[in-house]
Each structure stands twice: as C-alpha cells, then as structure tokens.
Amino acid sequence: MAASVVCGFSALRPERLAALRLAVEPLTREAFAPFGSVMDIDGAELRMINGGTTERYHRLAVSDTDSEGRTIVSLFRGQPRAFPFSIAMMERHPEGSQAFYPLDKQDWLLAVAEDDSGRPARPRVFRASGVQGVSYGRNVWHHPLLALDDVSDFLVVDREGPGLNLEEYFYSEPFVIEAADLKKRDKP
Ligand SMILES: NC(=O)N[C@@H](O)C(=O)O
Ligand code: NI
C-alpha cells in the first residue's frame, strides 16, 4: 500500500502514519471529566423560572478566572477545517478557563491532552454534537477551535486581563485526524 502523504509535507511510512492517527471519540461527561465540563442540557439541573415560562439549565459550567482578570463573553465564527487535519500544536490558558457553546446546532470537534511534565501528552479528539459545549479547565491543554462542515458560531466565555494567558506547544511530529474517522453522530 502506498504511503499516504500527511500534512502536505512528506510521505510517512504507513506504520508511522497509523501511530499518529488520532481516534475520534463521542463527547461524554465521563470521558471529558479530566479536562473540564461538558455543557449539555441533558443531565443538567433544570429550574422552571419566570412563572414557568422559562427553563433554566443551571450552572452548565463554572468559569475560573484569576483575581487580576475578568470573565468576558465573545462570539467566535469558526471556518470549517479541512481533512486530513494535522494537530501540530496545543495551547493552554494558565489564568482562566475557556468555554465554547455552539450556536448553529452544528457538530464540531475538540482536542485536549493531559499535561506531561509541562508538555501536552498525546491528544484526545472528541466529536461534539451541535447542542454540546465544553468548558476547558484552567491550564488544560487544548487545540484552538475546530469547526466542522460549515462556518460555525460559538459563544465563548474566557478571561481577559493583564499578563500572558496563552502557552503554546508544537509537537515534533503532528498527529492527524482523518476524514474517515469523523463518524457523524447519529441524531440523539
Ligand atoms: N485565541 C483564542 O482566543 N482562542 C483560542 O484560545 C481557542 O481555544 O480557540
Ligand atoms: Ni484556547
């Protein structure tokens, strides 16, 4: 079998490609627990408010911002990523958590990693449904926003303030997400 070309650079031996190929897992609270919170009304605390006219899905996540900073709310409009996609780097925010909630009910991807002596370990990739958001815990390694299929808007809650709140790490060899592994979720 001919070696595939990854990242448009060089042909990698098939066995090396296989080692760098990342599985895509469905996003669940349990699987994501080491990295932060899943924001999903399924399983959330429901409070009927406003005279029963409004359902409040209470505290889907808790924002964690240092005392020097402030928590802000932004909108990210992400361009869809093309596949195969290289996970060449990860980042983290030492001073605050960062939450993303999709506004277009479009599935999306996220990649996170455990910390290994100050560097991200092998990434784990999750496919989120269009009604699942996440809050990355403070200083948790993650890849910048990965929109799928179409331009997608996200509400983002994160930290603004003094000092550097971004640490990046570039892998010596990029990992890869293949289109074949995206496995569209069956509708809930
Ligand atoms: N740069 C920025 O605000 N976004 C990233 O932190 C990200 O995780 O997408
Ligand atoms: Ni980030």
Side-chain angles (χ1 to χ4, degrees), residues 4 6-7 12 14-44 57 60-62 64 76 78-93 97-117 119-158 167-188:
S4 309
V6 176
C7 338
L12 293 174
E15 53 274 21
R16 189 68 198 131
L17 253 184
L20 294 169
R21 182 169 175 171
L22 297 172
V24 178
E25 306 171 56
L27 181 64
T28 66
R29 282 191 175 87
E30 299 71 26
F32 193 75
F35 308 104
S37 310
V38 172
M39 300 191 289
D40 188 335
I41 63 172
D42 284 352
Y57 294 92
L60 298 178
V62 178
D64 177 10
F76 282 25
Q79 297 298 315
R81 303 298 190 144
F83 294 84
F85 182 80
S86 293
I87 298 281
M89 59 81 66
M90 298 288 265
E91 64 171 35
R92 61 182 178 179
H93 309 298
S97 57
Q98 188 174 46
F100 291 80
Y101 195 85
L103 300 177
D104 298 327
K105 297 207 186 316
Q106 172 76 39
D107 282 20
W108 58 296
L109 282 191
L110 54 115
V112 286
E114 303 270 5
D115 184 59
D116 178 7
S117 312
R119 299 177 175 181
R122 180 185 177 90
R124 286 180 67 183
V125 180
F126 294 95
R127 183 173 180 136
S129 78
V131 290
Q132 288 181 308
V134 296
S135 179
Y136 299 122
R138 187 166 170 173
N139 218 28
V140 169
W141 290 109
H142 61 279
H143 190 278
L145 180 60
L146 294 168
L148 271 181
D149 298 329
D150 206 342
V151 175
S152 307
D153 287 355
F154 294 78
L155 202 66
V156 178
V157 180
D158 60 6
E167 181 181 354
E168 295 178 314
Y169 178 86
F170 291 80
Y171 290 111
S172 55
E173 266 191 308
F175 295 89
V176 65
I177 305 171
E178 297 281 2
D181 297 326
L182 291 176
K183 291 192 291 296
K184 187 159 181 52
R185 294 164 67 96
D186 41 16
K187 286 289 169 224

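Count residues from 1 along the sequence.
- With values rounded to the nearest 0.5 angstrom, F85 atom CZ is found 12.5 Å from E178 atom CD.
- Of the possible donor and acceptor atoms, one in the side chain of S129 sits under 3.5 Å from a partner among the backbone N and O of V131.
- Using a 4.5 Å heavy-atom cutoff, the side chains of R92 and Y169 are not in contact.
- Distance check: L27 CG to M39 CE gives 10.5 Å after rounding to the nearest 0.5 Å.
- Taking a cutoff of 4.0 Å between a charged side-chain nitrogen and a carboxylate oxygen, D107 and R127 qualify as a salt bridge.
- In this structure, D150 and Q106 approach most closely via the heavy-atom pair CB-OE1, 4.3 Å.
- Within the 4.5 Å cutoff, the side chain of L103 has heavy atoms near those of the L155 side chain.
- Here the closest heavy-atom approach between residue D158 and residue Q98 is recorded as OD2-NE2, 2.9 Å.
- For D104 (side chain) and D153 (main-chain N/O), a donor-acceptor pair under 3.5 Å exists by modelled atom type.
- Shown are D149, L146, L145; of these, the side chain to side chain contact (heavy atoms under 4.5 Å, CB included) with W108 is made only by L145.
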- request: With salt bridge (charged side-chain N to carboxylate O under 4.0 Å, His left out) as the test, would you mind laying out the steps for E25 and R124 before giving the verdict?
  value: CA-CA 8 Å; E25 306 171 56; R124 286 180 67 183; 2.8 Å; yes
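- Here the shortest heavy-atom pairing between G78 and A147 reads O-CB, 3.7 Å.
- The minimum heavy-atom distance between M89 and P144, with the atom names listed, is SD-CD, 3.6 Å.
- In this structure, the side chains of R21 and D181 come closer than 4.5 Å at one or more pairs of heavy atoms.
- The closest side-chain heavy-atom distance from L20 to E173 is below 4.5 Å.
- Considering all non-hydrogen atoms of both residues, L22 and P123 come closest at CD2-O, 3.6 Å.
- Taken from CG in L17 to CZ in F175, the straight-line distance is 12.5 Å, to the nearest 0.5 Å.
- Contact of the H142 side chain with the F35 side chain is not registered, since no non-hydrogen atoms from C-beta on lie closer than 4.5 Å.
- Looking only at distances, no side-chain donor or acceptor of Y136 sits under 3.5 Å from a matching main-chain atom of S37.
- G130 and P102 make their closest contact through O-CG, 3.4 Å (heavy atoms, listed as atom of the first residue, atom of the second, distance).
- In this view, R138 and D64, D66, E95 satisfy the side chain to side chain contact (heavy atoms under 4.5 Å, CB included) rule, not counting sequence neighbours.
- Distance OG/S86 to CD1/I177: 9.0 Å, rounded to 0.5 Å.
- Side-chain contact annotation: H143 with E91, donor-acceptor N/O pair under 3.5 Å absent.
- Counting heavy atoms from C-beta outward, L109 and F83 have side chains that approach closer than 4.5 Å.
- Heavy-atom neighbours of R119 CZ from other residues, nucleotides or ligands within 6.0 Å: at or below the threshold of 12.
- Summarising the geometry, atom CG belonging to D42 is positioned 12.5 Å from atom OG1 belonging to T28; distances are rounded to the nearest 0.5 Å.
- Taking 4.5 Å as the limit, some side-chain heavy atom of V151 sits within range of a side-chain heavy atom of P80.
- Between F126 and V134, every side-chain heavy-atom pair lies at or beyond the 4.5 Å cut-off.
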